[in-house]
Each structure stands twice: as C-alpha cells, then as structure tokens.
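Accompanying notes for the structure given below.
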Amino acid sequence: MNQPLSERLEAVRSGVADATRAAGRSDSPTLIVVTKFHPNRLIEDLAALGVRDVGENRHQEAQLKAEELASLDLRWHFLGQIQTKKARQVARYADVLHAVDRIKLVESLDTIERDIECFLQVNLTEDPARGGVAPSELEALVERTLESPRLTLRGVMAVAPLDEDPRAAFSRLRGYSERVRALAPEATAISAGMTHDYAEAIAEGATHLRIGTAITGNRPVTG
Ligand SMILES: *Cc1c(COP(=O)(O)O)cnc(C)c1O
C-alpha cells in the first residue's frame, strides 16, 4: 500500500502485457484506471504518469471531477448504472458509457448534443438486480442503439459474477460479443476485467480493462 502510484501503475501495465502475450495476442488492451472515491489529486498524478482513460461510477462525483479537471484532456468513462432521467447530464461530460443496458436509456440519449461512444452491459448472472441486459434481449438493444443519432456502439461490457470462475463467465461474454458483431461488425470491443480478474478477461479477448484498486490502492471509505 505504501508503494508509490507509479510503481503500482507499472506493475499493472506489465501484468497486462504479460497476460496479453500469454493469450497470443499482438494488440494492447486499453487500460482505464478506475478513480471512483479518490480525490482529484490522484487523477492529476495519474495524468502526469501518462494515463488518459479514467473511469468513474457515480454521476455527481464524476461530473464534478470532469469539470474541475477539464484542463487535463482525459477521456471520462462512465461505468455505473445510469438513471434514465440523469442520462442526458452524464452524456455532457462522459466520453464513453459502459453500462447501457436498456432501450429506454438509449432513447433518452437520442437528443444529446454531442457524439459519444457506448458499450452494452450484459448481465452474466441470473439476478436482474446486478445490472445489464438479459442475453435474450441483446439483439433488440443492439438494433435500437444502431439507430441512435449520437451513440457509437463500441461493443459489450460485463462484470464477472462473484460465485463463478471469471474465465468461464468471460467466455460467455465473448459469445455475446460475437452476437453483437453479427449485427454491428464495427462493435468489436469488450470491456471486461478488474483488479482480480483482468488476466482471465484478457484471455477471453477483453479490449478495455477497468482497473481500480491494483493501481490506486484501496478506495477511501466515503460511500
Ligand atoms: C469499481 C469498478 C471497477 C474497478 O474495480 P477494482 O476491483 O478496484 O479494479 C471496474 N468496473 C466497475 C464497473 C466498477 O464499478
């Protein structure tokens, strides 16, 4: 925990490179550093270390940080559940939405004033409360997203269930990615992999990793 931020970041970057090589891949996944609950100071330090992609999951906190750190030229990834009535506000500062999971939410984004990217979150559990579209409803959501004037569909996103081998869960996600690509050939991205399961996610084709505590240290207990 007292290891400097730069060393933790380097350790994760080399862990990602190792896992990517082990998977026989020649691309390099995008590392999104998840900074939720941490102060602006940490994000400034990350930016100074070359980080460009940061992830947040609570609207008010993310909005404030994006405003206050506007001069840093970061890409803001919004990872959390999005309330339909807040969606237009989130879309003002978020460059990428990772948890688009229902048609109503896509509809609410039809009239935003800038172009943003999105991932469709797929629920890998049987529990609807965990967020994400049910796999049986995936195609309908893809089709509606492709009609959106403002959203560019990048691919699928998921969080591994707590009670399952993450590799097996991410393997299912890869199958959902194939279904999405059958309708949207450009939507090749897979947002998966956190501190404890990024190697498994990389092995199953993740292109966007969302890694927090391994880099930032434990989150302050403010919420
Ligand atoms: C917090 C969070 C992460 C990062 O989790 P760590 O275990 O700290 O790496 C990734 N994805 C989402 C959706 C999150 O909310």
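Just so it is clear, the structure is predicted and the values come from calculations on it, not from any experiment. Atoms within a ligand are numbered from 1 in the order they appear, just like the ligands themselves. Keep in mind that the numbers below use all heavy atoms, side chains included, and drop hydrogens, waters and symmetry copies.
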>> The criterion is salt bridge (Lys or Arg N to Asp or Glu O under 4.0 Å); which residues satisfy it with Asp27, sequence neighbours excluded?
In response: Arg25

> Pairs in or reaching into residues 97-125: which pass ring pair (Phe, Tyr, Trp, His ring centres under 6.0 Å), with residues at least two apart or in two chains?
Replying inline: His77-His98, His98-Phe119, Phe119-His208

> Is Arg144 salt-bridged to Asp110, going by a charged N under 4.0 Å from an acidic O?
Replying inline: yes

>> Looking at Gln60, I want to see if its CD is surrounded by more than 12 non-hydrogen atoms of other residues, nucleotides or ligands under 6.0 Å.
In response: no

Ligand 1: which protein N/O atoms lie under 3.5 Å from its N/O atoms?
| unit_1 | atom_1 | unit_2 | atom_2 | d |
| --- | --- | --- | --- | --- |
| ligand 1 | 8 (O) | Thr213 | N | 2.9 |
| ligand 1 | 8 (O) | Thr213 | OG1 | 3.2 |
| ligand 1 | 8 (O) | Arg219 | NH1 | 2.8 |
| ligand 1 | 8 (O) | Arg219 | NH2 | 3.3 |
| ligand 1 | 9 (O) | Thr195 | N | 3.0 |
| ligand 1 | 9 (O) | Thr195 | OG1 | 2.6 |
| ligand 1 | 9 (O) | Gly212 | N | 2.8 |
| ligand 1 | 11 (N) | Arg210 | NE | 2.9 |
| ligand 1 | 15 (O) | Lys36 | NZ | 2.7 |

> Tell me, do Val142 and Arg179 make a side-chain contact under 4.5 Å, heavy atoms counted?
Replying inline: no

>> Side-chain heavy atoms under 4.5 Å apart, restricted to Ile/Leu/Val/Met/Phe/Trp/Tyr: what other residues fall into the cluster of Leu49, or is it alone?
In response: Leu5, Leu9, Val12, Val16, Leu31, Val33, Leu42, Ile43, Leu46, Val51, Val54, Leu69, Leu72, Leu74, Trp76, Tyr198, Ile202, Leu209, Ile211, Ile215

